[in-house]
Number of protein chains: 2
Amino acid sequence: MNVTNSEIRRNEILGAVIEAYVAAASPVGSALVARKLREALSPATIRHIMVELETIGYLEQPHTSAGRVPTAQGYRWYVDRIMEVPRLSSEQVRALGAPLAHGEGDSAQVLARAGQALADLSQEAAFVVAPTVKQSRVRHIELVPVGVHKMLCVVVAEGDVVASHVIEVEEPLDRDEASAVARAASAELAGLPVAELLGALEQRLLGEQDVLGEAMKQALAILQNVLAGEPAGRLLVEGARYVVGQPEFQRQPQRAEALLEGLDAEGPLLERLHADLGTGAVRVRIGQEIGVPGLEACSYIVAPFAVGRGVVGGVGVLGPTRMDYRRHSALVQAMARAVTELLTDGEG
Amino acid sequence: MNVTNSEIRRNEILGAVIEAYVAAASPVGSALVARKLREALSPATIRHIMVELETIGYLEQPHTSAGRVPTAQGYRWYVDRIMEVPRLSSEQVRALGAPLAHGEGDSAQVLARAGQALADLSQEAAFVVAPTVKQSRVRHIELVPVGVHKMLCVVVAEGDVVASHVIEVEEPLDRDEASAVARAASAELAGLPVAELLGALEQRLLGEQDVLGEAMKQALAILQNVLAGEPAGRLLVEGARYVVGQPEFQRQPQRAEALLEGLDAEGPLLERLHADLGTGAVRVRIGQEIGVPGLEACSYIVAPFAVGRGVVGGVGVLGPTRMDYRRHSALVQAMARAVTELLTDGEG
DNA sequence: TCTAGCACTCAGTATACTAGAGTGCTAAAC
DNA sequence: GTTTAGCACTCTAGTATACTGAGTGCTAGA
């Protein structure tokens with residue numbers, strides 16, 4: 001009881017410090033916390049507890065006579081144990097999602113709008129990990145000759161994820177041949193995970209016993225080509241300007257450069273995000289935890305959304321470690337739900 | 001002869017000042033210019049001429065005891081009259097373009113690589129104004145049902161520019177119907193400029209006298225939907241990080257924010273770029289000339305490239321007004337040529 | 001027409017001082 | 001034992017002052 005009581009108070013004060021720091025971006029002193037706290041405590045008492053929080057490693061002082069600043073560990077504790085994320089009602093979610101449906105359009109357009117909306121609402125950078133055919137199952141394949149040695153190849157996967165490329169082919173097929181081949185390929189391959197397809201194609205190309213012979217072999221080669229060119233994931237970033245405008249980045253402009261570099265590289269961040277999305281839950285990564293060069297001073301919150309069966313994408317917010325985790329968690333979660341609802345409704 | 005002589009010298013000195021300033025990013029003094037100049041002149045003489053250049057408005061002093069800095073007008077004169085852009089040989093252009101073809105792929109991928117390459121080579125932000133179906137002529141239309149009330153609609157235009165969207169339809173067509181309609185629509189509409197198509201569709205929808213009746217009408221409605229959702233231009237920006245890393249932006253971080261804002265808005269910049277591309281030549285815009293909020297401290301160089309007939313896109317470099325116009329002009333021009341060669345070779 | 005010489009200007013830097021925010025500690029009060 | 005008032009202490013940020021040096025403009029002479 002005793003211990004618990006003091007722990008509760010610690011958490012309250014840590015929460016107050018973090019919230020004040022998030023709001024003002026400058027070290028928080030005991031007097032300010034005393035004012036903010038509902039329980040009436042003197043600054044002196046609060047200082048005592050702040051010393052404790054500092055020895056645990058949740059707070060630190062930039063210098064002796066400054067207030068306290070949360071550490072990454074402090075944020076982590078806050079996110080895991082202290083903050084309460086207001087769960088938005090379905091109605092609120094719907095309201096959030098409404099502007100996304102504006103003019104409906106393609107799922108790609110919906111996702112782009114979701115990213116923009118999230119950036120504008122959070123005043124941070126927002127990102128969308130767009131679903132890619134490679135994570136999904138084949139639903140339909142289409143081949144259309146376009147010009148003499150060119151072929152339009154479209155792979156439609158579940159969730160209306162589309163990969164379309166115009167590629168060069170050596171032996172032209174005419175329109176009917178192409179159509180027949182595509183139809184056969186569709187029938188044959190529908191339902192297969194695209195990722196497995198790549199291997200399967202290889203085998204089939206070696207097998208040489210297809211009903212449609214040469215033409216089918218060629219089609220499969222084309223398909224392989226198309227899928228090989230498709231990225232393993234696509235990262236869409238909106239509103240990096242908001243982050244660059246944050247005081248920590250204005251004060252240290254090289255950080256802004258590092259941030260943009262980290263975002264441009266794309267690969268490492270995407271990898272990390274995919275790992276987090278695999279868990280199926282909202283995830284928060286704080287500072288170094290991200291493990292992507294250039295993003296050491298940042299945190300992100302990401303939530304998965306579904307399109308059809310299975311998790312296939314994510315939306316999130318990326319900002320300085322000093323970000324409003326509570327508000328943004330709610331936002332991200334809601335946006336993920338809205339996107340899921342919007343993109344899944346047409347499905348089985 | 002007298003006047004001409006002094007003008008030549010003025011130009012030489014302006015050129016030297018600009019080149020020194022571009023390299024060092026700090027005001028240029030007479031002594032430095034004296035050292036750089038091939039003709040041996042004393043600093044005092046150079047100062048005389050610098051005073052002239054200042055009264056004309058080509059140079060300015062940040063403060064009395066500093067060196068000189070070029071004005072926008074100075075850059076303009078330099079770009080128009082002084083600098084000599086080395087015209088690269090076809091071979092060099094080919095060498096530049098070689099990495100773009102790496103793995104070939106779609107034209108979209110080629111353009112993305114061109115942007116990245118240009119950014120890396122120039123160490124500035126690079127941009128690509130991607131061709132869009134709206135500027136081109138219809139070559140082919142394809143309609144494929146995907147799911148019950150969903151239809152994949154693909155419009156292939158000249159230059160392999162593709163717009164594909166999955167849209168919702170009220171009355172489903174089956175595969176064969178869709179195919180027949182698409183075939184008919186292709187035959188009917190091929191060769192028409194897409195921009196005109198939008199109007200044409202409207203009329204045809206009112207006309208009600210199509211061979212295929214209801215189905216065709218529906219198809220046209222779909223098409224209209226798809227084209228309406230297609231943007232008038234697409235701007236791809238790569239390597240903004242390089243610009244943010246430039247000293248002028250590191251010293252004044254709000255500028256970096258403004259830059260990113262200006263780029264995110266996209267619309268105004270695209271408009272300006274389209275106007276410049278319409279001229280068919282390499283264009284340089286310096287500072288305020290860009291006329292896009294946020295980009296006041298920047299310049300760009302843009303060159304058009306062709307895909308099939310007609311100008312349909314552009315590549316360029318965007319950096320601080322203090323940029324290497326000479327080198328980057330050559331780069332941009334070469335890249336535009338490389339892209340044109342790469343994307344046009346398969347055509348008629 | 002060019003240049004050497006020189007006085008002058010002004011940003012940038014270094015130094016010193018001050019004010020104030022915030023701390024830690026101790027001793028007293030609850 | 002917990003809380004608080006009081007107080008000395010620390011350290012940044014801001015301000016005033018002086019100094020340095022890069023670079024200028026001007027003038028007189030080559």
Side-chain angles (χ1 to χ4, degrees), chain A residues 1-10 12-14 16-17 20-21 23-56 58-71 247-248 250-252, chain B residues 1-10 12-14 16-17 20-21 23-56 58-71 247-248 250-252:
Chain A
M1 173 70 188
N2 228 344
V3 177
T4 313
N5 239 337
S6 84
E7 262 183 25
I8 289 174
R9 176 170 295 173
R10 270 220 279 262
E12 264 173 19
I13 287 175
L14 179 56
V17 171
Y21 184 62
S26 60
V28 181
S30 53
L32 180 59
V33 174
R35 249 175 288 139
K36 283 201 115 191
L37 225 54
R38 54 177 81 167
E39 195 182 352
L41 285 177
S42 80
T45 313
I46 292 184
R47 274 192 300 251
H48 271 303
I49 302 169
M50 279 173 136
V51 172
E52 285 172 38
L53 285 166
E54 194 171 358
T55 54
I56 311 178
Y58 290 174
L59 292 180
E60 65 187 359
Q61 281 182 295
H63 55 85
T64 326
S65 74
R68 255 80 174 200
V69 165
T71 63
E248 31 276 85
Q250 292 279 311
R251 279 198 280 259
Q252 301 195 9
Chain B
M1 172 71 189
N2 230 344
V3 177
T4 312
N5 239 338
S6 84
E7 263 184 24
I8 288 175
R9 177 171 295 172
R10 270 220 278 263
E12 265 172 19
I13 287 174
L14 179 57
V17 170
Y21 184 63
S26 61
V28 181
S30 54
L32 180 59
V33 175
R35 249 175 289 138
K36 283 199 113 190
L37 226 55
R38 54 177 81 165
E39 195 183 350
L41 286 178
S42 79
T45 311
I46 291 185
R47 273 188 305 243
H48 271 303
I49 302 169
M50 278 173 137
V51 172
E52 287 174 36
L53 285 166
E54 194 171 358
T55 54
I56 310 178
Y58 290 175
L59 292 180
E60 64 186 0
Q61 282 183 292
H63 54 87
T64 325
S65 73
R68 256 77 174 202
V69 165
T71 63
E248 30 274 86
Q250 293 280 310
R251 280 198 280 259
Q252 302 195 9

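All figures in this text were calculated on a predicted structure; none of them were measured in a lab. So you know, we letter chains A, B, ... as the sequences are listed, proteins then strands, and number each from 1.
- The base of D/dC11 sits with one of its N or O atoms less than 3.5 Å from a complementary donor or acceptor on the side chain of A/Ser65.
- Between B/Ile49 atom CD1 and D/dG23 atom C1' the separation is 17 Å, expressed in whole Å.
- A sub-4.0 Å separation between OP1 or OP2 of D/dT3 and a side-chain N or O of A/Thr45 is absent.
- As rounded to whole Å, 10 Å separates atom P of D/dG23 from atom NE2 of B/His63.
- Distance, B/Glu39 CD to C/dT1 C1': 12 Å, rounded to whole Å.
- Residues B/Arg35 and B/Leu32 are in side-chain contact: their nearest non-hydrogen atoms beyond the backbone lie under 4.5 Å apart.
- In this structure, the CG atom of A/Leu41 is 16 Å from the C1' atom of C/dA29, given to the nearest Å.
- Note: CD (B/Glu54) to P (D/dG25) measures 7 Å, nearest angstrom.
- With values rounded to the nearest 0.5 angstrom, B/Lys36 atom NZ is found 13.0 Å from B/Glu12 atom CD.
- Listed nucleotides: D/dT24, C/dC10, D/dT4. Nearest to the side chain of B/Met50: D/dT24.
- Nearest approach of B/Tyr21 to B/Val28, heavy atoms of both residues: N-CG2, 3.6 Å.
- Distance CZ (A/Arg9) to P (D/dT2): 10 Å, rounded to an integer number of Å.
- Not one side-chain nitrogen or oxygen of A/Ser30 sits closer than 4.0 Å to the OP1 or OP2 atom of C/dG22.
- OP1 and OP2 of D/dT3 both lie 4.0 Å or more from every side-chain N or O belonging to A/Arg47.
- Distances shorter than 4.0 Å separate none of the side-chain N or O atoms of A/Arg68 from OP1 or OP2 on C/dG22.
- Atom CD1 of B/Ile13 sits about 12.5 Å away from atom CD1 of B/Ile8, to the nearest 0.5 Å.
- The residue among A/Gly29 and B/Ala40 whose nearest nucleotide of DNA chain C lies closer to the 5′ end is B/Ala40.
- Between A/His48 atom NE2 and D/dG1 atom C1' there is a gap of 12 Å when expressed in whole angstrom units.
- Screening B/Val17, B/Val51, B/Ile49 against B/Leu59 for a side-chain contact (heavy atoms from CB on, under 4.5 Å) leaves a single residue, B/Val17.
- For the pair A/Arg10 CZ and D/dT2 C1', the interatomic distance rounds to 15 Å; values are reported in whole Å.
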